[in-house]
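Structure first, then comments.
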Amino acid sequence: MAAKFSTALDIHCNNIPYTLDSKLPLPHGGSSSRLSIKRFTVFCNNSKSQKPNLNLDLDLDSPRKATPSLSEQLKPLSNTILDDPPSQARILSKPKSTWVNPTRPKPSVLSLQRQKKSAYSYNPKVRDLKNFARRLNECHFSNEAFVAVLDDIPHEPARDNALLVLNSIRPWQKSVLFFNWIKTKNLFPLETIFYNVVMKSLRFGRQFQQIEELAFEMIDGGVELDNITYSTIITCAKRCNLFDKAVEWFERMYKTGLMPDEVTYSAVLDVYAQLGKVEEVMSLYERGRASGWTPDPVAFAVLAKVFGAAGDYDGIRFVLQEMKSLEVKPNVVVYNTLLEAMGKAGKPGLARSLFEEMMESGLSPDAKTLTALIKIYGKARWARDALELWERMKTNGWPMDFILYNTLLSMCADLGLEEEAETLFDDMRKSEHCRLDSWSYTAMLDIYGSVGNAEKAMALFEEMSEVGIELSVMGCTCLVQCFGRAKRIDDLVKVFESSVQRGVKPDDRLCGCLLSVVANCKGDDADKVLACLQQANPKLVTFIKLLEDESASYDIVKEEFRSILTNTSDDARRPFCNCLIDICRNRNRAERAHELLYLGTVYGLYPGLHTKTPEEWRLNVRALSVGAAQTAFEEWMRTLVKIVQSEETLPEVLSANTGAGTHKFSQGLANAFASHVEKLAAPFKQSEEKAGFFIASREDVVSWVQSQAAAATATA
DNA sequence: GTAGGGTTAG
């Protein structure tokens with residue numbers, strides 16, 4: 001038997017540098033070879049090792065990539081405008097070296113001269129005309145009412161007068177009415193500026209189709225489209241999510257021989273930024289640079305945004321370096337965007353120093369700056385920095401808005417600052433400057449949910465319905481978590497049912513929360529929660545039944561699990577797997593728990609579960625639920641037993657890291673882990689110096705294995 | 001919002 005399994009493992013462990021992986025123990029007497037492969041893979045870090053061909057990403061990413069690449073789109077441009085074929089986009093490198101022959105003119109993709117606006121001349125009738133415009137704005141929306149006011153125009157609608165009024169009119173419906181009225185009067189030819197002003201008004205109303213019709217009207221009537229026209233069209237398309245249209249109009253302007261200036265150019269840069277097309281943004285950027293363009297802060301804000309969205313720290317550094325070398329001073333917006341980007345790239349420390357740099361440069365933070373930082377500190381669980389910043393905000397009287405207030409509440413939820421949140425919530429309740437809204441209530445529900453204060457959560461839920469604030473899907477999730485922990489299952493069902501009736505669409509997080517309640521309760525209670533889950537995600541319920549079914553084969557479980565994960569959003573996959581493992585363990589399906597842990601590992605849900613240096617091997621269970629951590633630990637111990645038995649080399653130190661639970665409300669994975677270690681009588685001791693670490697020396701493990709073997713022999 | 005581009009919350 002043993003020989004058969006080591007053969008199976010040997011086949012799969014070619015090229016594996018670690019002996020551990022090839023010497024994993026046989027599970028449960030080794031009843032099948034696929035289980036032995038399973039054990040091998042859970043603790044194998046080598047990406048080249050054989051893995052079942054179940055790559056989820058292949059199934060998940062295919063629907064994207066509809067738009068052609070920028071290089072395809074700019075091909076006509078390169079034929080007509082560029083002297084040389086464009087160089088390959090070299091992300092994060094300077095474009096200066098592109099043009100080796102200085103005698104050749106640099107090909108240009110943008111005009112370095114920004115379009116000049118016509119000088120504003122003072123109109124002595126400004127007061128009368130503004131009053132007139134106000135009457136138009138305030139009059140009834142009907143055509144008749146509007147025309148009645150029009151007849152009352154205080155001065156003749158000559159060019160300057162008409163332009164002044166047109167500029168003051170809103171919303172877009174009335175701008176169009178007025179525009180058409182001066183058109184019928186036919187007192188003067190309608191120049192570009194008139195179209196531009198109406199288009200801007202239409203853009204506020206996101207009326208892309210009407211803007212496009214006006215543009216065609218200009219073309220037909222021989223009215224020139226200038227950079228302002230194009231940038232208005234492009235940004236309107238962007239705001240309407242019509243990105244193809246944005247690019248189409250950008251290309252059209254080249255075709256008509258008009259060169260974009262930097263405003264139009266950075267508007268297009270932002271089109272690609274919003275599509276998350278980093279390479280296209282960089283390509284445009286470098287072509288611009290090669291044309292001799294020194295980008296301004298707006299363009300850098302766009303670059304910062306695109307790298308932030310990608311969580312690309314190297315990109316963010318590039319933006320900073322590039323601004324430095326071009327001596328472009330970042331303004332508040334650029335700093336805000338960079339701070340956001342640092343947060344998304346997971347660099348709270350760098351965000352903090354960037355903020356200090358911003359202060360030193362003499363800029364003052366606005367509400368968005370502070371919102372970004374507070375959010376970063378909250379997510380990073382940097383309580384000291386968050387509270388310090390909050391104090392600074394108060395002492396300096398820095399600007400606040402309702403989003404910043406709500407972000408402070410969310411930060412309190414992240415850090416477990418219950419009292420601080422309650423004080424702030426009450427301040428907001430009394431304040432005239434801000435109002436409690438759905439976000440504020442949700443943040444409080446988050447806190448009460450985490451702390452398990454069902455009474456306060458219920459009171460808040462009732463208050464919400466009294467003041468007419470709808471429960472969001474996140475609020476519902478918090479309440480489900482809260483009532484689940486408090487074992488108030490009937491309240492949980494009530495909240496869930498009423499939310500669904502009121503139109504809340506359960507998402508994967510809510511399902512994950514229901515799932516964790518199922519994992520932690522029994523009998524009728526479990527059935528009640530399963531009935532909720534049945535409405536939210538019936539496939540998940542079917543899968544739970546499959547897990548309990550002893551006759552279901554591993555292959556079926558594998559396939560169904562794959563299908564579940566494929567249909568689950570990325571951030572909910574690991575929680576799903578954790579909960580499902582817990583469900584298995586709590587229902588005496590320990591073997592299934594091991595299978596799920598294996599599959600979870602294969603699908604990349606637990607990266608870095610096991611890390612090795614020559615001195616130390618470590619099991620990292622911080623991101624695991626209690627049951628999953630126990631399962632992983634059991635698996636690991638079996639591995640270690642096998643290694644000792646076959647007299648393979650072990651490192652000096654073996655450790656397991658549960659994390660210290662920096663969150664005040666954290667459920668104490670360390671405690672649960674400690675009692676499991678005790679139950680197994682494993683030789684791991686909780687470290688006194690390093691919180692959240694369990695440590696065993698090589699000697700501890702070896703002598704433990706030997707005593708276990710002796711005991712086993714004695715019993716036999 | 002005074003003819004055009006960039007930044008805030010689970």
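Keep in mind that what you see is a predicted model, and the values were worked out from it rather than measured. Letters A, B, ... mirror the listed sequences (proteins, then strands); counts begin at 1.
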Categorize [X] for me: base, sugar-phosphate, or nothing, with a 4.0 angstrom heavy-atom threshold over every strand shown.
X      : result
A:S201 : base
A:K375 : sugar-phosphate
A:K238 : sugar-phosphate
A:V197 : sugar-phosphate
A:V473 : nothing
A:T337 : sugar-phosphate
A:T192 : nothing
A:T369 : nothing
A:S410 : nothing
A:T477 : nothing
A:R114 : base
A:N227 : base
A:Y265 : nothing
A:F194 : nothing

Is the ring centre of [X] less than 6.0 Å from the ring centre of [Y]?
X      : Y      : result
A:F194 : A:F188 : yes
A:W172 : A:F208 : no
A:Y441 : A:F425 : yes
A:F355 : A:Y335 : no

*Not counting sequence neighbours, which residues clear salt bridge (charged side-chain N to carboxylate O under 4.0 Å, His left out) with A:R509? List them please.*
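So A:R509 forms a salt bridge (charged side-chain N to carboxylate O under 4.0 Å, His left out) with A:D571.
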
*Using the heavy-atom set of chain A and a strict 4.0 Å cut-off, write down the first and last nucleotide of DNA chain B that makes it in, 5' to 3'.*
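With heavy atoms of chain A under 4.0 Å away, the range is B:dG1 to B:dG10.
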
*asked:* Quick test of your reading of the model: are A:D226 and A:K116 salt-bridged, counting only N-O distances below 4.0 Å?
replied: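 Looking at A:D226 and A:K116, the cut-off is not met.
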
*Can you see which heavy atom on A:L514 is nearest to which on A:C532, and at what distance?*
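Answer, listing the atom of A:L514 first, then A:C532: CD2-CB, 4.1 Å.
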
*Of A:Y254, A:Y230, A:W293, A:Y285, which is the lone residue that meets ring-ring contact (aromatic ring centres under 6.0 Å, His included) with A:Y265?*
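One option only clears the test, and that one is A:W293.
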
In whole Å, measure the gap between the [atom1] atoms of [N] and [M] for me.
N      : M     : atom1 : result
B:dG10 : B:dG4 : P     : 32 Å
B:dG5  : B:dA9 : C1'   : 25 Å
B:dG6  : B:dT2 : P     : 14 Å

*DNA chain B: A:A267 or A:S168, which has the more 5' nearest nucleotide?*
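The 5'-side residue here is A:S168.
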
